[in-house]
Amino acid sequence: MKRQLVYYPEDILRAKAEVVTDFGPDLVTLAADMREIMHTYRGMGLAALQVNDRRRVIIVEYTPDKNSRDKPIPFTIFINPKITAKSQETNTMNEGCLSIPYVEVSVKRPREVTVEAQNVTGESFNVKATGMLARILQHEIDHLDGKLILDYDKPAYPVATTKPRTIVWGSTEFTTTALNILRSSIDLVQIVTETAKPSGRNRELTPTIAKQYAETLGVPSAEPEDLRDPRVYNYLLSLKPDLMIVAAYGRLIPQALYTIPRFGTLNIHPSLLPKYRGSTPIQAAILAGDKQTGVTIMKLAPEFDTGEIVAYGEYKLEGTETYGELEYELAQLGGEMLKEILPDYLAGKLATTFQDEAKASTTKKITAPDRWLNLDDPAELNERKVRAYTPEPSAFVLLEGQPLKILEAHVETGKLIFNIVQPAGKNPMPWADFLRGWRKPLAFDSLPK
Ligand code: ZN
């Protein structure tokens with residue numbers, strides 16, 4: 001049987017362990033498994049409850065750093081351990097726990113304890129412990145009664161001495177803006193991005209902004225075509241990620257992949273879910289003339305944008321934002337929010353809420369007819385369209401059958417006034433300059449059916 005470390009808030013960590021009466025070879029196997037896990041996570045002690053075994057068994061082993069004055073503690077198994085005496089004198093130290101990663105708590109304990117226990121054959125022995133051994137023994141014996149460091153004091157943040165090994169999924173500037181803020185809080189081991197798409201005049205394959213960003217950081221990037229290819233699964237598994245973060249990755253990630261990290265996968269979505277699920281939430285908020293939008297951090301779920309919500313952040317809209325500007329602001333907000341909640345999230349201390357399906361709405365990909373400005377429509381609507389599609393892919397009108405991109409416009413006495421336009425194959429220019437070159441009546445066309 002392969003044992004695994006159990007993490008807070010699993011119920012078993014709060015259980016009272018049971019007295020061992022059966023001293024057989026199975027105890028040796030249990031202790032060996034525990035030792036392996038303790039070494040993997042570089043701990044100094046472990047209780048059987050932490051590997052899902054309800055027996056009163058703890059192990060300790062400590063090899064100090066070369067420069068430390070601490071004494072080494074050889075590997076020892078304590079069965080049915082009991083504290084039989086403790087000193088009046090106490091000391092206070094920051095303690096961590098393998099089952100509560102990235103958290104340290106200040107804990108006051110007696111400086112010396114005497115522990116009575118049995119070995120694997122059932123013989124009793126006594127240990128008078130001081131220093132590090134006294135502390136480890138008290139911590140592990142606490143575990144056997146379901147007591148954790150969190151019961152002593154509030155965790156002190158920031159304490160992350162080890163950052164979570166993180167894989168980031170994303171493709172756009174939204175990804176890199178958020179990641180820039182998060183970088184100092186994570187150990188970024190891999191970026192997964194969408195495949196290069198043809199762009200520019202020569203239809204050259206251009207890697208995504210996220211891939212270019214990975215190169216400048218010297219972080220490996222991957223562009224898997226088929227997310228169901230077992231090689232993708234095996235590769236991601238081999239990275240032993242603690243966490244995955246998804247920010248503007250346009251494809252559905254299979255459950256087999258997003259459940260790989262022990263802390264799961266979080267998605268930064270630029271809307272207040274369940275409003276505006278799907279691929280164009282930022283544009284949708286501008287188009288609707290909303291007074292407020294925001295960012296949701298949620299756990300990934302089998303369907304797009306339906307996961308349990310971990311955090312919300314609201315953003316007030318002035319009614320002047322372009323898509324590009326708002327994308328940047330929401331990416332910043334998302335990065336900051338996730339950075340702030342990450343320690344609590346990793347400590348398992350954040351409650352999540354389900355989305356209200358009745359209030360859900362979905363956005364869709366933008367098509368050419370969406371971007372066309374029908375000048376018979378209200379000017380306010382057209383002005384919002386201009387902002388929702390700036391800088392990319394741009395709203396447009398048809399002038400003698402040719403598209404003219406409208407990059408900036410405003411409403412004046414109920415009329416839409418163009419500020420900056422861009423004719424096909426030319427640079428952007430002020431509308432006045434364009435008119436000077438046009439010298440003909442303006443004949444705007446409808447979109448051909
Ligand atoms: Zn512990």
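Counting convention: from 1, in listed order, for ligands and their atoms alike. Note that this is a predicted model, so its numbers are computed, not measured.
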Peer 1: Sequence neighbours left out, what passes side chain to side chain contact (heavy atoms under 4.5 Å, CB included) with S124? Give chain and number order.
Peer 2: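 Partners of S124 under the side chain to side chain contact (heavy atoms under 4.5 Å, CB included) test: Q118.
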
Peer 1: Set out, in order, the CA-CA distance, both residues' side-chain angles and the distance that settles side-chain hydrogen bond (donor to acceptor under 3.5 Å, both in side chains) for T121 and E123, then state yes or no.
Peer 2: CA-CA 6 Å; T121 56; E123 291 165 49; 3.2 Å; yes

Peer 1: Are R277 and E303 close enough for a salt bridge, meaning some N to O gap below 4.0 Å?
Peer 2: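 Answer for the salt bridge query: no.
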
Peer 1: Out of V386, T322, I420, which residue meets the side-chain contact (heavy atoms from CB on, under 4.5 Å) rule with L407?
Peer 2: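 The residue from V386, T322, I420 that satisfies side-chain contact (heavy atoms from CB on, under 4.5 Å) with L407 turns out to be I420.
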
Peer 1: Are there any protein N/O/S atoms under 2.8 Å from the Zn ion (ligand 1), and if so, which?
Peer 2: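 Listed by chain and number, the nearby protein N, O or S atoms are C97 SG, H139 NE2, H143 NE2.
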
Peer 1: Under a 4.0 Å threshold between the charged nitrogen and the carboxylate oxygen, would R56 count as salt-bridged to D145?
Peer 2: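 The answer is yes: the pair qualifies as a salt bridge.
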
Peer 1: Any side-chain heavy atom of F304 sitting closer than 4.5 Å to one from T362?
Peer 2: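 Not touching, per the 4.5 Å side-chain cut-off.
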
